[in-house]
Structures are given as structure tokens and as C-alpha cells.
2 protein chains.
Amino acid sequence: MKLEDAKLKYIHTWGSLATNWGINKTMAQVHALLLVSTKPLSADEIMDTLKISRGNVNMNVRALIDWGIVSKELVVGERKEFFIAGKDIWELFKQVTKERKKREIEPVLKVLDDLKNGVEENSEDAEEFKKLMNDLSSVTTTVNGILDKAIKADEHWLLSNFTKMIKK
Amino acid sequence: MKLEDAKLKYIHTWGSLATNWGINKTMAQVHALLLVSTKPLSADEIMDTLKISRGNVNMNVRALIDWGIVSKELVVGERKEFFIAGKDIWELFKQVTKERKKREIEPVLKVLDDLKNGVEENSEDAEEFKKLMNDLSSVTTTVNGILDKAIKADEHWLLSNFTKMIKK
DNA sequence: TTTTATTTTCAGAAATTATTGAAAGTTAAG
DNA sequence: CTTAACTTTCAATAATTTCTGAAAATAAAA
């Protein structure tokens, strides 16, 4: 397989994977393209490679910047903006985890808590419901804690500690 | 808040959360409904509560069974099928994790491996690409390993061990 | 076997989400 | 200041996903 074909295959695979995880296909493709690129790319280059409109590039690049995984890069002698994606994959994982935690996990904990505390009733049914909210909250908190630790950890450290911990 | 309102709020919140994670809203709502229900429910009851069609109930209940988080329950003297969701939330988390791992993580590892090995070239660019595929693969494998451990673990055991590990 | 209850399927419709492209907005160069 | 290069916005449209509902299939009861 030629290098360029492999790069394109990676871009497309990543795009279709993203849809499974509730992430816009084009956004994932733009990120993948910047990741495999050896130099910063302009909006025009992204448009041409992915065959998408200027508006689409603009929106998705902006979203990626908002997620903290793409940044603007100045190129001397050029007026246009260029973009790059960080090449440290463990950092990438941590950043995405951090954002999803903030955007999607923490709000859920809040709702579960409100639901648990919002019901005054003490019937058997109500107690069962409160227990359920509590269990959901407890599991979510456990997962959240693990993710928090992962965000602060070094990849190798995390894996080796985790492995040790499990073997005990 | 009345108990019934809290249950409905939970069902709706769960539905909208699901869309963030690439899960069909109705599927999440059906699961949430079965989870808060104190008795097995028939297709008709699900239709009425969620105001959705018979076909939609059928498709989503079947998908939930396929995910291993809902099951059929026979009710004596009734000809219809009834459905229940397991109430053990840690089990639910483990089952969902196991399925997503199988459906979404493992295929990615395969693709990354193919891409890494499929490029014969040895230019600087090609080596950089292979390193990238390798890094993606390494992080994914680490995460996969942690999830594997979580799937086999008991919640309290995991949480307490994790807490200890964090404090070190 | 025939009837009746129930479940399944799936083509078309509806709803949602993503994309385009052109106009408006910005910013830097001349 | 004026012009040209570039970026942003967003209403219209396209693509995708989900849902409906009625017909076909299945299975239990009569």
C-alpha cells in the first residue's frame, strides 16, 4: 500500500468510527487529516483533500479548536491561517476524555442527584427509585474518578499501576 | 417532585444523553423505562408510555436484548411477551462496556495494525506515519486493557483499590 | 383446521443532522 | 482611506437517521 493511500484510508476509517461515538464524521476526518499531515494545512488544502465546502471546514476546524485538539499555526509570509493537530496521542486521549467528562458526565451526575433528592415520598417504590438513582450515580462517580486519574497520568504509569492493582 | 414525574424526567434525560454517545434516543428511553419500572412491561405498555409505534418498540427492544441489557420475561396467564431490564447498574455498565469494546474498539485495533503493516515504504514520512499508527494502537490497547479489567472487577473492590492507587 | 392474538418486517414518511455557498464581516496591505 | 485577501455566518438544501403503520408472518387457542 502506498503511503498516501494509507493516510486516506486512515482518514476515512476514523470518520466512520466517529459516527459510532456521536462525533460528526467530517470533524473526525479533518482531525485525522491534520494528524497525518507533516505540515500545517490551510482551509483551502483541507477543502481540496476532503472535498468539502469552505463553510464546513471553518465550522469543524473551529469545533476541533474548541475541543482543544487542533490549533492555529502562523506560517511566515502567509496571510492565511494554518492548522495543526498535536501528535502526542496520549495527550489527545486525555484532552478528549477531559472534555467529554466535563460536557457529558458531570451534567449527568447533577441530574441524578437532583432526581434522588427531589422525591420526598417514602413509599417502597420511591425508595427503590432513589436506590436506582444512587446506584447510577455511584457507578458514574467511580468511572469519573478513574477517568480523572487517567487524565492526570502518564500512559505507562497508568497501565503498569492498573495492572499491578488488578493482579493483587 | 412526584415519583412518576421523577421517573419521566429520568427517562427523558437518559434519552437526550444517549444521542451524545451515538445511541438512539428511543432505545435509551425504552431501557430507562424498563429500569424504573417495578414490573415487567409489554410492548403495549411501552408504546403508551413513550408514545411511540409498535414497530419502533419492537426494533428497540430487540436491539436492547441484543446488547444483553434487557430480557424477555414470561408472565403467567398472559400470552404477550413482557420485558425487564436488570437492576444491577454495575453489571449494566460492564455489559455495555463489553459490547462497545467488541463492536467498536477491537475493529479499530485491527485497522490500525493493517495500516501500520501495509505500508512498505521507509521514507521519513512513512516512518512518521507508522509511528502515529503505533501510538494510536498503543493508547487504544492501554484503554482496552483497563476496560477489560473493569469488566471483570467488582465495583466496590475496583473503587477502593483505585482510590488507594490515586492517593499514593 | 380455523380463528384470533401477537410479533415482525420494511417501504415510505417524518425528523434530525450535516453541508453548501453566497453574502456579510474582518483584517491586513497598498 | 480603499482595496483585496481571507474568515465567518447562516438560510436553504441535502443527506442521513429514525419512526410509522399496515401487511405478512408466527404461534397459541378454539
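Any value given below was found using the heavy atoms of this structure, including those in side chains, with hydrogens, waters and symmetry copies removed. We name chains A, B, ... by the order of the sequence lines, and we start the count at 1 in each one.
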What pairs with A:Phe129 under ring pair (Phe, Tyr, Trp, His ring centres under 6.0 Å), at least two apart in sequence or on another chain?
none
So which pairs with a foot in residues 9-28 of chain A pass ring pair (Phe, Tyr, Trp, His ring centres under 6.0 Å), sequence neighbours left out?
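Checked against ring pair (Phe, Tyr, Trp, His ring centres under 6.0 Å) - neighbours excluded - the pairs reaching residues 9-28 of chain A are A:Tyr10-A:Trp14.
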Where at least one partner belongs to residues 87-108 of chain B, residue pairs that pass ring pair (Phe, Tyr, Trp, His ring centres under 6.0 Å), sequence neighbours excluded
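Every pair satisfying ring pair (Phe, Tyr, Trp, His ring centres under 6.0 Å) with a residue in residues 87-108 of chain B: B:Trp90-B:Phe93.
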Using a strict heavy-atom distance below 4.0 Å, which residues from residues 56-72 of chain A are in contact with DNA chain D?
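Of all residues in residues 56-72 of chain A, the ones placing a heavy atom under 4.0 Å from DNA chain D are A:Asn58, A:Arg62.
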Proximity to DNA chain D (any heavy atom under 4.0 Å), residues of residues 11-47 of chain B only:
B:Asn24, B:Thr26
Is it true that the NZ or CZ of A:Arg103 lies under 6.0 Å from the centre of A:Trp67's six-membered ring and within 45 degrees of the ring axis?
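Geometry flag: set, cation within 6.0 Å and 45°.
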Whole Å only: how far is the [atom1] atom of [X] from the [atom2] atom of [N]?
X: B:Phe83; N: C:dT6; atom1: CZ; atom2: P; answer: 13 Å
X: A:Phe82; N: D:dA5; atom1: CZ; atom2: C1'; answer: 13 Å
X: A:Glu81; N: D:dT7; atom1: CD; atom2: C1'; answer: 7 Å

Heavy-atom contacts, protein to nucleotides 22-30 of chain C, under 4.0 Å, summarised as B (base), S (sugar-phosphate only) or - (none) per nt, yield -----BB--
Looking at residues at least two apart in the chain, or sitting in another chain, which of them share a salt bridge (Lys or Arg N to Asp or Glu O under 4.0 Å) with [X]?
X: A:Lys39; result: A:Glu45
X: A:Lys9; result: none
X: A:Glu106; result: A:Lys101
X: B:Lys152; result: none

Between D:dT7, D:dG21, C:dG21, which nucleotide has the shortest distance from any of its atoms to the side chain of A:Ser53?
C:dG21
Through direct or indirect side-chain contacts below 4.5 angstrom among Ile, Leu, Val, Met, Phe, Trp and Tyr, which residues connect to A:Val75?
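Besides A:Val75, the hydrophobic cluster comprises A:Phe82, listed by chain and residue number.
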Got a list of side-chain donor-acceptor pairs under 3.5 Å for residues 22-35 of chain B, not counting sequence neighbours?
| residue | atom | partner | partner atom | Å |
| --- | --- | --- | --- | --- |
| B:Asn24 | OD1 | B:Thr26 | N | 2.8 |
| B:Asn24 | OD1 | B:Met27 | N | 3.0 |

